[in-house]
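Okay, structure first, notes after.
Below, each value reflects all heavy atoms present in this structure, side chains not excepted, and no hydrogens, waters or symmetry copies. So that the names make sense, note that chain A is the first sequence line, chain B the second, and so on, each numbered from 1.
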Protein chains: 2
Amino acid sequence: MYKPASTSESLIDAARSLFAQHGYDGTSVRAITEQAGVNLGAITYHFGSKESLYEAVLVSANAAVDRGVMAAAAGPGSPLDRICGVVRALFGVFAEQPDYPQLIMHELARSRPLPEELRQALERRIGALATLIGEGQADGSIRGGDPLLMALSVGSQPLWISLAARPIREGARIDQDDPETRGRLVESVVAFVREGLAVHPETEE
Amino acid sequence: MYKPASTSESLIDAARSLFAQHGYDGTSVRAITEQAGVNLGAITYHFGSKESLYEAVLVSANAAVDRGVMAAAAGPGSPLDRICGVVRALFGVFAEQPDYPQLIMHELARSRPLPEELRQALERRIGALATLIGEGQADGSIRGGDPLLMALSVGSQPLWISLAARPIREGARIDQDDPETRGRLVESVVAFVREGLAVHPETEE
DNA sequence: GGCGCTATCATACGAACGTTTGAAGGAGGT
DNA sequence: ACCTCCTTCAAACGTTCGTATGATAGCGCC
């Protein structure tokens, strides 16, 4: 169970935590190397530059999110069930890895194109949701509408509510760190998604 | 129609644009004063510090969002109609002021408590949505559930989709700068919110 | 005319930034 | 033993940061 904690790993861990808290520009290489307990020059030596270390952190965090979401999308059950599984998976991975939401938030706020690897992952996830919606429409369990746009509505809820957890806690007094509260929140979102997607004959005209 | 453009106003305008693009730490006072066409010392003189200028920018941007949302919430129509009005208002204000989404994104990513004025505004907006949902439940037009949690589902869609417009454009190839595309997107979200909130007797048990 | 207040200016300050340097360690192969 | 390669180290590099300083100009008012 003992971690030898190589210099590279220590740097990635420290960098993920600090980049998540203070963003790229708000985090100095001195702060990272100090928290990692390594020499100041270690970032340049192992990663070439601060920017490259940042990319490495992004890629490793994205991979964890990707695994959870794509597994849920490929799981068993009806399309609607699997969509709800993706919603739960998003909440789950963000609850387990509290650094990821803020890290992603910082990255999305930067005015530069997404790194190609992240762009592709995002495209794949939205595409998977849209495909599931399309399947549900084909078998008659999901109402009509553009699957891609509906996928945005579905994905936006777990994403925003997880990424904005801190302002939501301050502004709505909903504390997602409390497991019971988060459970009710997740089920509320799942119910909303289910109702928002299901066919409701009486409202069609 | 001529703008005298006082030093303070020029600074606020330049700062809003640059803070939105590069965040607080990524924007230097030299970049701001240069873009504003004023002396380097002007920020210290007129605002006391870079941090105070940032707060001033946040407050002015938040006020614009607040006006649009609260007006829509207080408008005429059924609770459900007014909720949809809030959704449209959020999309509208962010489309008109492209700086605001990124500015908010950067602020939410910072790990520090929200400025009190913003916290109160956020609380007021979520509360207004929750109140509308409660009214709809009382008159039987909205299904059961915790109004506060359902308000999060409603608000998260226009917020996330507007704030993450750039990654969505890159990852889902949906360009919200195109008015026709944005129109279809807004109506898709409104329909989703409507279906997600409405009572659907056949799904209750 | 001279005074006082506000605003703008060029310049300077010390601190912190990301990166570079060159020397020192330390394990593995011959 | 010696050489080699990878890694770590303390120190220094030049640049940029936010803010402070003191001089200068414009303008209303006694």
Q. In whole Å, what is the span from the CD1 atom of B:I32 to the P atom of D:dT16?
A.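 Distance check: B:I32 CD1 to D:dT16 P gives 17 Å.
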Q.
Below 30° counts as parallel, above 60° as perpendicular, anything between as tilted: where do the rings of A:Y54 and A:Y24 land?
A.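 A:Y54 vs A:Y24 ring planes: perpendicular.
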Q.
Under a plain distance cut-off of 3.5 Å, with no hydrogens placed, do B:S52 and B:S49 share a side-chain donor-acceptor pair?
A.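 Yes - a donor-acceptor pair under 3.5 Å links their side chains.
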Would you tabulate the side-chain donor-acceptor contacts of residues 72-83 of chain A under 3.5 Å, counting partners in other chains and residues two or more places apart, or write 'none'?
residue: A:S78; atom: OG; partner: A:D81; partner atom: N; Å: 3.1
residue: A:S78; atom: OG; partner: A:D81; partner atom: OD2; Å: 3.2
residue: A:D81; atom: OD1; partner: A:R194; partner atom: NH1; Å: 3.4
residue: A:D81; atom: OD1; partner: A:R194; partner atom: NH2; Å: 3.2
residue: A:R82; atom: NE; partner: A:G77; partner atom: O; Å: 3.4
residue: A:R82; atom: NH1; partner: A:A73; partner atom: O; Å: 3.4
residue: A:R82; atom: NH2; partner: A:E135; partner atom: OE1; Å: 3.2

Might you list the N or O atoms of the protein lying below 3.5 Å from N or O atoms in nucleotides 17-26 of chain D, with each pair's distance?
residue: D:dC17; atom: OP1; partner: B:S28; partner atom: OG; Å: 3.4
residue: D:dG18; atom: OP1; partner: B:T27; partner atom: O; Å: 3.3
residue: D:dG18; atom: OP1; partner: B:K50; partner atom: NZ; Å: 2.5
residue: D:dG18; atom: OP2; partner: B:V29; partner atom: N; Å: 2.8
residue: D:dG18; atom: N7; partner: B:R30; partner atom: NH1; Å: 2.8
residue: D:dG18; atom: O6; partner: B:R30; partner atom: NH2; Å: 2.8
residue: D:dT19; atom: OP2; partner: B:K50; partner atom: N; Å: 3.0

Q) Under the salt bridge (charged side-chain N to carboxylate O under 4.0 Å, His left out) test, which residues partner A:R67, sequence neighbours left out? A)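 Salt bridge (charged side-chain N to carboxylate O under 4.0 Å, His left out) list for A:R67, sorted by chain: empty.
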Q) With sequence neighbours left out, what residues match A:E55 under salt bridge (charged side-chain N to carboxylate O under 4.0 Å, His left out)? A)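 Here the qualifying residues are A:R112.
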Q. Can we say A:E116 and A:R119 salt-bridge, meaning some charged N sits less than 4.0 Å from an Asp/Glu carboxylate O?
A.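 Salt bridge: yes.
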Q | Pair B:R182 + B:D175, salt bridge at N-O below 4.0 Å | A |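 A salt bridge is absent here (no side-chain N lies under 4.0 Å from a carboxylate O).
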Pairs of donor and acceptor atoms involving the side chains of residues 89-103 of chain B, under 3.5 Å and at least two apart or interchain, shall be tabulated with distances.
none

**Q.** Nucleotides bounding contact with chain B, strand DNA chain C, heavy-atom threshold 4.0 Å
**A.**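 On DNA chain C, the outermost contacted nucleotides are C:dT6 to C:dA12.
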